[in-house]
Participant: 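Dropping the structure in here first, questions after.
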Amino acid sequence: MTPGQLLVDAGCGTGGVGLWLARAVSARLVGLDVSAAAVQHATARTTQFVTGHRSAFHTAALESTGLPDGCARAVVCIDALSFAGDRAAALRELGRVLAPGGRLALTRALRRDARPDFEEHAQAAGLVLEHVDERPHEPETWARTFRLWIEHADALAHELGDTETQNMLATAHRRLPLLPGRRAVLLTLRRPGTAPATDTMARPGHSDGGRGPDERNDQ
């Protein structure tokens, strides 16, 4: 990415990944999540990473982002696809918002014995699968994270509210027993085509046609 291009964080949670990347590459950022509470916290954290006009967060499902076609140079979707009601539709939608030549970085957690046809799924979404990277240490990282959520439930409730905290704790208790049998991967996918020599992508919320923008893993 070059400075000023648009990065979409799909399933942004409280904004950490997208905000860190936007700061690192001087990108504009749109984050979306189904949780209004998470979006509120992401918005509140913005100025710790980038100036306010460079980022926006809104509530939306992965299957229906509300973003223009081809508006993003890159999309990240970290541990969120499995929460989509229709994963195939969500993958098509993330491919739709990518500009030609743009890339989607997508993490998934699967059963250890699962061997899905990632290439077939990518083609169905109009994307090209470039890499499948195994992440063997990730399940234990999640296990430590879930145990910390449970240990610090009172602090989470104070910061995020009771509803969000109960959702997180339910996820932790449900997934902890499953983690020893999990496989974690990072997929890199590309939308076919060549990026324009000059970045002319529509800016969400501007009069050039863009629409304004207003957690995670079981197979």
Participant: Can you hop from Leu148 to Leu160 via hydrophobic side chains spaced under 4.5 Å?
Facilitator: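 Shared cluster, no.
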Participant: Judged by atom type as modelled, is there a donor-acceptor pair below 3.5 Å linking the side chain of Ser55 to the main-chain atoms of Leu29?
Facilitator: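 No; judged by distance alone, with no hydrogens or angles, the pair does not exist.
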Participant: Are Thr65 and Glu93 close enough that a side-chain donor and a side-chain acceptor fall under 3.5 Å?
Facilitator: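 Their side chains do contain a donor-acceptor pair, which is all the 3.5 Å distance test asks for.
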Participant: What is the distance from atom CG of Leu94 to atom CG of Leu67, rounded to the nearest 0.5 Å?
Facilitator: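 It comes to 9.5 Å.
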Participant: In terms of hydrophobic clustering (I, L, V, M, F, W, Y; side-chain heavy atoms under 4.5 Å; direct or indirect links), are Leu186 and Leu189 co-clustered?
Facilitator: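 Not linked; separate clusters.
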Participant: Do Met168 and Leu179 belong together in a cluster built from hydrophobic side chains that touch within less than 4.5 Å?
Facilitator: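 Yes, Met168 connects to Leu179 through the hydrophobic network.
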Participant: Within a strict 4.5 Å, meaning less than it, do heavy atoms of the Leu91 and Leu106 side chains meet?
Facilitator: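 Yes, close enough: below the 4.5 Å cut-off.
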Participant: Report whether Val132 and Val75 are members of the same hydrophobic cluster (ILVMFWY, side-chain heavy atoms less than 4.5 Å apart, transitive linking).
Facilitator: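 Per the 4.5 Å side-chain linkage, Val132 and Val75 are co-clustered.
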Participant: Are Leu32 and Leu62 close enough that some pair of their side-chain heavy atoms sits under 4.5 Å apart?
Facilitator: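 They are in contact (side-chain heavy atoms under 4.5 Å apart), so the answer is yes.
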Participant: Does atom CD (Glu63) have a neighbourhood of more than 12 heavy atoms from anything else shown, all under 6.0 Å?
Facilitator: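 Yes.
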Participant: Determine the sole option in Val97, Thr188, Leu187, Leu127 for which the side chain to side chain contact (heavy atoms under 4.5 Å, CB included) test with Leu104 is passed.
Facilitator: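 By the side chain to side chain contact (heavy atoms under 4.5 Å, CB included) criterion, Leu104 pairs with just one of Val97, Thr188, Leu187, Leu127: Leu127.
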Participant: How many angstroms lie between atom CD of Glu138 and atom CZ of Arg108, to the nearest 0.5 angstrom?
Facilitator: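 That separation rounds to 12.0 Å.
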Participant: Atom CH2 in Trp149, atom OG1 in Thr165: separation rounded to 0.5 Å?
Facilitator: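 Trp149 CH2 to Thr165 OG1: 10.0 Å, rounded to 0.5 Å.
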Participant: Show me, pair by pair, the donor-acceptor contacts under 3.5 angstrom made by side chains of residues 116-125, not counting sequence neighbours?
Facilitator:
| residue | atom | partner | partner atom | Å |
| --- | --- | --- | --- | --- |
| Asp117 | OD1 | Glu119 | N | 3.3 |
| Asp117 | OD1 | Glu120 | N | 2.9 |

Participant: First locate atom CG of Asp69, then atom CG of Leu98, and finally report the distance between them rounded to the nearest 0.5 Å.
Facilitator: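 One gets 11.0 Å once the value is rounded to the nearest 0.5 Å.
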Participant: Quick check for you: to the nearest 0.5 Å, what is the distance between Arg115 atom CZ and Arg183 atom CZ?
Facilitator: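 Result: 4.0 Å between the selected atoms.
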Participant: Rounded to the nearest 0.5 Å, what separates atom CG in Asp33 from atom CD in Gln40?
Facilitator: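 It comes to 13.0 Å.
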Participant: Just jot down the salt bridge (charged side-chain N to carboxylate O under 4.0 Å, His left out) partners of Arg54, sequence neighbours excluded, or say none.
Facilitator: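 With neighbours one apart ignored, the set is empty.
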